[in-house]
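First comes the structure, then the notes that go with it.
Counting from 1, the numbers follow the sequence of the chain as shown. Below, each value reflects all heavy atoms present in this structure, side chains not excepted, and no hydrogens, waters or symmetry copies. This structure is a prediction, so every number in the text was calculated from the model and none was measured.
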Amino acid sequence: MSQNKFIQAKDTVMLIKCIVELSDLYAHNGNFSASYDGYWEALTLADALDNQMAKASIESGLGWLYILYQRDELAIHNFNKSLQIRKEHIQKTGEGQEGLISGYYPLASLYRKRGQYNLAKTYLDSCSFIKVNDPTQPFGSAFITAELGYIRFLEGKPNEALKILLPINAHLTQYHHYYLVMYHYFLAQCYQSLHQYGLADEYYLSAISAGIKHKSHADLLPDVYETYSDFLFETGDPSKAYEMLKKAKEQTERQFGSRSENNKFLLEIKDEFRMAKEKQLQQLQEQKIKQFEQEDKIWRLKSYILYGTIGFMVILIFLIYRFFRSKYKAKKRLLDEKRTLERQKSREVLEVKNKELTASALQVIQREETLEELKKQLNEQKENPDKNKLNKLAKSINTTTSNDWKEFEARFISVNKRFYKNLQNQYPNLSQSDKKICALIKLNFSSKDMAKLLGISVESVHTTRYRLRKKMNLDRSDNLEEMIAGIE
């Protein structure tokens, strides 16, 4: 089901992994032909993808199969190839060396089966030097320990073998029950050599039971049956021994027919089939590559069209934006010019009116001078003046002056409407006399003219200006005229 799913999803990496795991299962269940085909199919895909770690696993799987069919040289070649790939991967990526155990362990097992115990122990020592972070993983320290223990037995040291093997019993039972076929087989042989027949019988049966129950290590079951048959014959149970021998023969014929003389060339035939299949797959891959190249060209053409359309839209939007922005700027520029003209016109009108005000003020000053002269003449020429009449005349003259100032102030306010309002907002503590002085300063009147216009002395004007500076919190360096001129 997973394989079909990954084919439909076109996930080649997961498809390779799925085929390898399926081939491992076929090998454990004794379907070595299907396992062999699966490994080669996965290897073809891994070559196409250049997936080195997948190739390492596949080479190792093929090596185990070659061991089963007594093609040790091919097995050694595959194991070494797998090991070399793993070393290069670790050197390239800087990953931990834990993966090397998967390369050393198969070689140790192969040399143990060939009776080359020293070489086997060398590879197991290489495994032992590598730290395993997760002891539950395959080819961890328990598997290495089991191999070392069995080599001790094969070297004729069963007691030493048991001392090595027994401590890992609980760990293997908990985490690697599928490995109990091999592990209990090792224990059974150790106890048989020590004439502890009860324990030997128990572990032989346990090994067979584990193989049947977990469908694991099918390649070992015929050997287990056959060795158990010898054990039963030795212990005086020939009928049961014969039964186990029959089962061994049935297992061999069903699962290991390629070991017999009649079909020992099965793998050579399979190799020819594999080569033909590889050629067929290569042709299919070439066709797929051409198809992918064509699809890639179409995809690139679509991408160019898409990017071109997007580029055109971006340029179009940019041009529209620039058009409206230019239009907005032109409109703003026109409004600014219009406002500038209006302000200029207002200033010109204000300037004209201020000139009129100045002229009016000068007329008031001239009248004041005339009246002063008149009063002086009246006081000088009349020898016997009537004081009451003279007082009334003086009051009439003062009233006229006051009315003239009110007229001037009204005209000033009509021209400079915002001046008094802004002055009041900025300096709310100014008196009416202070405001009069500010208005005359706004029109650039001198102190002398201010005194004449207001009907006070020049000293009084100076005093008022001094008080005005204090109320406005001005320093000596601050210019009163510039400050008032800045108020609109």
Q. Taking NZ, NE, NH1 and NH2 as the nitrogens, is one of them in Asp296 or Arg300 under 4.0 Å from a carboxylate oxygen of the other?
A. yes

Q | Heavy-atom side-chain contact between Trp64 and Asn78 under 4.5 Å | A | no

**Q.** Between Tyr204 and Gln192: side-chain donor-acceptor atoms closer than 3.5 Å
**A.** yes

Q) Under 3.5 Å, side chain of Ser229 to main-chain N/O of Tyr225, donor-acceptor pair present? A) no

(Q) Strictly distance-based, threshold 3.5 Å: is any side-chain N or O of Lys442 a donor or acceptor partner for the main-chain N or O of Ile487? (A) yes

Q.
Give me the atom names and distance for the closest heavy-atom approach of Ala161 to Cys190.
A. CB-SG, 3.8 Å

Q: Determine, stepwise, if the pair Tyr183 / Leu180 fulfils side chain to side chain contact (heavy atoms under 4.5 Å, CB included).
A: CA-CA 5 Å; Tyr183 173 65; Leu180 295 179; 4.1 Å; yes

Q | Least distance between heavy atoms, Ala54 atom then Asn51 atom | A | N-OD1, 3.2 Å

Q.
With a 3.5 Å distance limit and no angle check, can you tell me whether Asp230 reaches the backbone of Thr227 through a side-chain donor-acceptor pair?
A. no

Q: Under the side chain to side chain contact (heavy atoms under 4.5 Å, CB included) rule, what do Lys247 and Glu243 come out as? Steps first, then yes or no, please.
A: CA-CA 6 Å; Lys247 287 185 178 182; Glu243 183 182 341; 4.0 Å; yes

Q: Look up atom NZ in Lys213 and atom NE2 in His177, then write down how far apart they are to the nearest 0.5 Å.
A: 8.0 Å

Q | OH (Tyr197) with more than 12 external heavy atoms under 6.0 Å | A | yes

Q | Inter-residue atom distance Leu194.CG - Leu199.CG, 0.5 Å rounding | A | 10.0 Å

Q) Do Tyr39 and Asp24 have side chains that get closer than 4.5 Å, going by heavy atoms? A) yes

Q. If every non-hydrogen atom of Ala75 is compared with every non-hydrogen atom of Leu110, which pair is closest and at what distance?
A. CB-CD2, 4.3 Å

Q: Please check if atom NZ in Lys81 has more than 12 non-hydrogen atoms from other residues, nucleotides or ligands closer than 6.0 Å.
A: no

**Q.** Arg325, CZ atom: more than 12 neighbouring heavy atoms under 6.0 Å
**A.** no

Q | Heavy-atom pair with the smallest gap, counting every atom of Cys18 and Ser2 | A | SG-CB, 3.7 Å

**Q.** Inter-residue atom distance Lys421.NZ - Leu423.CG, 0.5 Å rounding
**A.** 13.5 Å

Q | Pairing of Lys113 and Glu147 as salt bridge, 4.0 angstrom limit | A | no

Q. Checking salt bridge (charged side-chain N to carboxylate O under 4.0 Å, His left out) for the pair Glu155/Arg112: CA distance, chi angles, key distance, verdict?
A. CA-CA 11 Å; Glu155 290 175 335; Arg112 185 258 299 166; over 6 Å; no

Q. Roughly how far, to the nearest 0.5 Å, is the CZ atom of Phe6 from the OG1 atom of Thr12?
A. 11.0 Å

Q.
If you compare all heavy atoms of Gln189 against all heavy atoms of Tyr150, which two are closest, and at what distance to 0.1 Å?
A. NE2-OH, 2.9 Å

Q) Between Arg465 and Glu481, is the closest basic N to carboxylate O distance under 4.0 Å? A) yes

Q: Evaluate the criterion side chain to side chain contact (heavy atoms under 4.5 Å, CB included) for residue pair Tyr66 and Ile76; output intermediate values, then yes/no.
A: CA-CA 9 Å; Tyr66 284 131; Ile76 292 170; over 6 Å; no

Q.
Looking only at the side chains, is there a donor atom on one of Thr122 and Tyr111 sitting less than 3.5 Å from an acceptor on the other?
A. no

Q: Report yes if the side chains of Glu226 and Met244 come closer than 4.5 Å at any heavy-atom pair, otherwise no.
A: no

Q. If you measure from CD on Gln3 to CG on Leu22, what distance do you get to the nearest 0.5 Å?
A. 6.0 Å

Q.
So for atom NZ, which belongs to Lys246, do other residues, nucleotides or ligands contribute more than 12 heavy atoms lying within a distance under 6.0 Å?
A. no

Q.
Using 30° and 60° as the class boundaries, would you call the ring planes of Tyr178 and Phe143 parallel, tilted or perpendicular?
A. perpendicular

Q: For residues Leu220 and Asp223, determine if any side-chain heavy atom of one lies less than 4.5 Å from a side-chain heavy atom of the other.
A: yes

Q.
Between Leu468 and Cys438, is there a side-chain heavy-atom distance shorter than 4.5 Å?
A. yes

Q. Does a side chain donor of either Gln52 or Asp50 reach within less than 3.5 Å of an acceptor in the other side chain?
A. yes

Q | Residues Asp201, Leu232; criterion side chain to side chain contact (heavy atoms under 4.5 Å, CB included); working and verdict | A | CA-CA 8 Å; Asp201 186 71; Leu232 291 170; 4.1 Å; yes

Q. If we only count heavy atoms from C-beta on, is the Leu480 to Met472 side-chain gap below 4.5 Å?
A. yes

Q: Decide yes or no for Arg86 and Ser57: does some side-chain heavy atom of the first lie under 4.5 Å from some side-chain heavy atom of the second?
A: yes

Q: Verify the neighbour count for atom CZ of Arg467: are there more than 12 heavy atoms of other residues, nucleotides or ligands below 6.0 Å?
A: no

Q.
So, applying side-chain contact (heavy atoms from CB on, under 4.5 Å) with His184, which one of Leu205, Leu172, Ile208, Asn169 is it?
A. Asn169

Q. Would you find a donor on one side and an acceptor on the other, under 3.5 Å apart, between the side chain of Arg469 and the backbone of Asp475?
A. yes

Q: Scan side-chain atoms only and decide if Tyr228 and Tyr203 contain a donor-acceptor pair under the 3.5 Å cut-off.
A: no

(Q) A quick test of your reading: do over 12 heavy atoms of other residues, nucleotides or ligands sit less than 6.0 Å from CZ of Phe153? (A) yes

Q: For Asp434 and Ser431, test the side chains for any donor-to-acceptor distance below 3.5 angstrom and give the result as yes or no.
A: yes

Q. Between Ser35 (side chain) and Asn31 (backbone), is there a donor-acceptor pair under 3.5 Å?
A. no

**Q.** Nearest-0.5 Å distance that lies between atom OG1 in Thr340 and atom CD in Glu337
**A.** 7.5 Å

Q.
Give me the atom names and distance for the closest heavy-atom approach of Ala207 to Val181.
A. CB-O, 3.4 Å

Q: Evaluate the side-chain proximity of Tyr179 to Met182: yes if any heavy-atom separation is below 4.5 Å, no if none is.
A: yes

(Q) Within a 6.0 Å radius of atom NZ on Lys121, are there more than 12 heavy atoms belonging to other residues, nucleotides or ligands? (A) yes

